[in-house]
Amino acid sequence: MVRSEFIKLLTENGIATLKEVRRLMMNKDEDDVGEFELLDMPHFDENKFAKLVAGKYNISFIDLKNAKVAKDTIKSLRKKSILKYRAIPIQVTQTKVTLATFDPTVVDGAAAVLGGELKKPVEFILTNISSWMKLFSNVEDSVEELVGTVFEIKGNEEAEQDIKAEDIGQDVVTFVNRILAEAFVKNVSDIHCEPYEKIFRVRFRLDGSLIQVAQPPKSLMAPVISRLKIMASMDISEKRKPQDGRIKLSIGGKPIDYRVSSLPTLFGEKIVLRLLDQSNLQLDMTKLGFEPRQIEVFKKGIYQPYGMVLVTGPTGSGKTTTLYSALSELNKEDTNISTAEDPCEFNLEGINQVNVRKEVGLTFSSSLKAFLRQDPDIIMVGEIRDVEVGEIAVEAALTGHMVLSTLHTNDSASTVTRLINMGIEAFLVVAALNCVVAQRLCRKICINCRELVRVETDQLISMGFAPGSASKIKVYQGAGCEACGGTGYKGRVAIYEVLDMTQRVKDLIIKEATTDEIKAQAIKDGMKSLRMCALTKVAQGLTTLEEALANSASDSD
């Protein structure tokens, strides 16, 4: 809006005083009139302001506060155009597109341009600022718009070794940038570039499942792999040995890290990139999916002055996120925290993180020994892989330190027996262990295509639902739509099993009871098994029966 008209509307209609307006306009460019900052003014009535603006420019006002606009409708206009013309599509019919704006001065100049882009006549309506901002929060970057924004973030020493895009081929650079941008938009966890005898394919791991997204010509295989290895600062001449690297990129102005791994296969090197997007890292443990009693036991375990808390589950089950959320909870100014990781996936401010490097003798065990000479309060070791690391971790837990770590076991009870089978005495395990968390990730049903399915009560009871509640359970599945790529799933939800070291459980461990006996006693003491937790997510309409059963397959309780 024109600055003079903007000021006049605010002051003459009692929406703001001249003093407030001057403060608002301070240090602003001529074209920046500070509409968004109006919301911070204590007595600003944005509906009154919007109606006055609508009357002045003879444009209809609609309060879109509770409006639900389909994502496909919003996506009909590029984000770049939405930002430039402050116009969001809210309705598309056969004859026209209705656009919402909060600034009527854009209408005359934007109508022809946006009509051409949308290939239909456009109609503008005016809404208040906060409603527009709420709609804008649903605007997503398109792959096409992001491809041109991909560039590497390098230090000076890396920049000197950089190889120009022309040396590789612009078509290869564009292809790689497009794959990286598409992975960013779809929020995938891993990118697989796979060479075979006759084809070269690219797959994304999305919500835990691999889907093929591209099969470029075989002639692009070697240049694409070389491009990725160069970006990851790997040795492109070495094709016989596995290599590890890291890529730092900016996509759409957002910094993204990729952990890169190369593996020599029969028909060339396979490259896998894991996306490490710190903005998606959930460090608030109350939002991880723990049930009330589970988070109570977990917090009690990590807030003990000493002891050991273990998180267990297969690769890709979210163990790192759970551990990082615990570290974030414990990260205080008066606390010394050190971690040994292979590798460090995210940078955590205020925590001393060590990347394990076996080739120089920096192992989990050597890191742990060094930590104990560094006056630690809390230690996190990426994984207890052998008896040496296990013994040092237990010793640290028994000498006044809080130790967090992971193990690869099926459930919480088998974690206890695994430690004992490693060679750690049962009485030491009992003395050191505070609690054990087992976890899995289930795919969530897509809310855009969720539908009710009929399941017989007897079948639900056989799966583990209580007879008294089985008849009341509503079971859902995803039909498949554009939003979820036809899979019926979008996003994931964690299921947990949290073993509290009650006195009865400790007594059984000392007596060298079986895993089943320990688990049965833990359930009697109030523990929910993975199967129980998964079925709760089904009853809540978050996941399907198939997902719940598949991710608690070893758990029949």
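Only this structure's heavy atoms are used, side chains among them; waters, hydrogens and symmetry mates stay out. If you read the sequence from its start, that first residue is 1, and numbering goes on from there.
Sequence neighbours left out, the pairs with a member in residues 533-542 that pass side chain to side chain donor-acceptor pair (under 3.5 Å) are K528-T536. Under the salt bridge (charged side-chain N to carboxylate O under 4.0 Å, His left out) criterion, the residue pairs touching residues 456-468 are R454-E456, with sequence neighbours excluded. For residues 372-421, the set of pairs meeting the ring-ring contact (aromatic ring centres under 6.0 Å, His included) definition, not counting sequence neighbours, is empty.
Looking at L275 and V188, their side chains come closer than 4.5 Å, going by heavy atoms from C-beta outward. Between F175 and R227, the closest side-chain pair of non-hydrogen atoms is not below 4.5 Å. At least one side-chain heavy atom of K369 sits less than 4.5 Å from a side-chain heavy atom of E388. At least one side-chain heavy atom of L276 sits less than 4.5 Å from a side-chain heavy atom of R274. With a 4.5 Å cut-off on side-chain heavy atoms, F465 and L545 count as touching. Side chains of Y496 and V297 form no contact here, defined as non-hydrogen atoms less than 4.5 Å apart. Two residues are said to be in side-chain contact when any heavy atoms from C-beta on lie closer than 4.5 Å; D257 and K248 meet this criterion. Under the 4.5 Å side-chain criterion, counting only non-hydrogen atoms from C-beta, C435 is not in contact with L499.
For the pair T415 (side chain) and D411 (backbone), a donor-acceptor distance under 3.5 Å is present. The backbone N or O of G301 sits less than 3.5 Å from a side-chain atom of N434, completing a donor-acceptor pair. Side-chain atoms of N331 come within 3.5 Å of backbone atoms of E349 as a donor-acceptor pair (strictly under, hydrogens ignored). Under the 3.5 Å distance criterion, the side-chain polar atoms of T544 are left unmatched by any main-chain donor or acceptor of Q477. S366 contributes a side-chain N or O that, together with a main-chain N or O of G361, makes up a donor-acceptor pair within less than 3.5 Å. A distance-only check finds a donor-acceptor pair linking the side chain of R450 to the backbone of G541 [under 3.5 Å]. Judged by distance alone, with hydrogens and angles left aside, the side-chain atoms of T406 form a donor-acceptor pair with the main-chain N or O of G382 at under 3.5 Å. Listed for the N355 side chain is a donor-acceptor partner under 3.5 Å among the backbone atoms of C344. A side-chain donor-acceptor contact under 3.5 Å links T399 to the backbone of A396. Formation of a donor-acceptor pair under 3.5 Å by the R440 side chain with backbone atoms of I495 is not found in this model.
A pairwise comparison of heavy atoms in S529 and I523 identifies CB-CD1, 4.3 Å as the closest pair. When every heavy atom of M308 is checked against every heavy atom of I384, the shortest pair comes out as SD-CD1, 4.2 Å. Listed here is the closest heavy atom pair of V538 and A548: CG2-CB, 3.5 Å. Across all non-hydrogen atoms, the minimal contact from P376 to N336 is CA-ND2, 3.5 Å. Contact record, S325 with L288: OG-CD1, 3.2 Å, taken as the closest heavy-atom pair. Shown here for L530 and A438, the closest heavy-atom pair between the two residues is CD2-O, 3.8 Å.
Residues meeting the salt bridge (Lys or Arg N to Asp or Glu O under 4.0 Å) test with K506, sequence neighbours left out: none. In this structure K65 satisfies the salt bridge (Lys or Arg N to Asp or Glu O under 4.0 Å) test with no other residue, sequence neighbours excluded. Qualifying salt bridge (Lys or Arg N to Asp or Glu O under 4.0 Å) partners for E359, counting only residues two or more places apart in sequence or in other chains: R357.
More than 12 heavy atoms of other residues, nucleotides or ligands lie within 6.0 Å of CD in E451, so this atom counts as buried by the packing criterion. Within a 6.0 Å sphere centred on NZ of K472, other residues, nucleotides and ligands contribute 12 heavy atoms or fewer. Remark: I510 CD1 is packed, more than 12 non-hydrogen atoms of other residues, nucleotides or ligands lying under 6.0 Å away.
With rounding to the nearest 0.5 angstrom, the CD atom of E547 is 10.5 Å from the OG atom of S552. Note that CD of E546 and OH of Y489 are 5.5 Å apart. Values are rounded to the nearest 0.5 Å. Rounding to the nearest 0.5 angstrom, the gap separating the CD1 atom in I473 from the CG atom in L535 is 8.5 Å. In this structure, the separation between CD on E517 and NZ on K511 is 10.0 Å, given to the nearest 0.5 Å. Distance check, rounded to the nearest 0.5 Å: OG1 of T543 to CZ of R443 gives 8.0 Å. With rounding to the nearest 0.5 Å, the separation of CD1 in I337 from CD1 in I351 is 4.5 Å.
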Subject >> Chi angles and distances behind the side-chain contact (heavy atoms from CB on, under 4.5 Å) call for M527, K519 >> reply: CA-CA 9 Å; M527 182 184 82; K519 184 171 186 175; 4.2 Å; yes

**OP:** List the steps and the verdict of side-chain contact (heavy atoms from CB on, under 4.5 Å) for T265 and Y196.
**Re:** CA-CA 9 Å; T265 68; Y196 295 97; over 6 Å; no

Original post:
Are F136 and K79 close enough, and set up right, to give a side-chain contact (heavy atoms from CB on, under 4.5 Å), and what steps lead you there?
Top reply: CA-CA 9 Å; F136 184 73; K79 185 177 181 180; 4.1 Å; yes

Original post:
What's the verdict on side-chain contact (heavy atoms from CB on, under 4.5 Å) for L263 and Q243, showing C-alpha distance, side-chain angles and the deciding distance?
Top reply: CA-CA 7 Å; L263 178 71; Q243 294 185 64; over 6 Å; no

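Of the candidates R203, K270, Q212, H192 forms a side chain to side chain donor-acceptor pair (under 3.5 Å) with just one, namely K270.
Judged purely by distance below 3.5 Å, without hydrogens or angles, the side chains of S414 and T515 never pair a donor atom with an acceptor atom. Side-chain contact check for Q439 and T322: at least one donor-acceptor pair (N or O, by modelled atom type) lies under 3.5 Å.
With salt bridges taken as basic N to acidic carboxylate O contacts below 4.0 Å, none links K319 and E383. We find that D342 and R385 are joined by a salt bridge, their nearest charged nitrogen and carboxylate oxygen being less than 4.0 Å apart.
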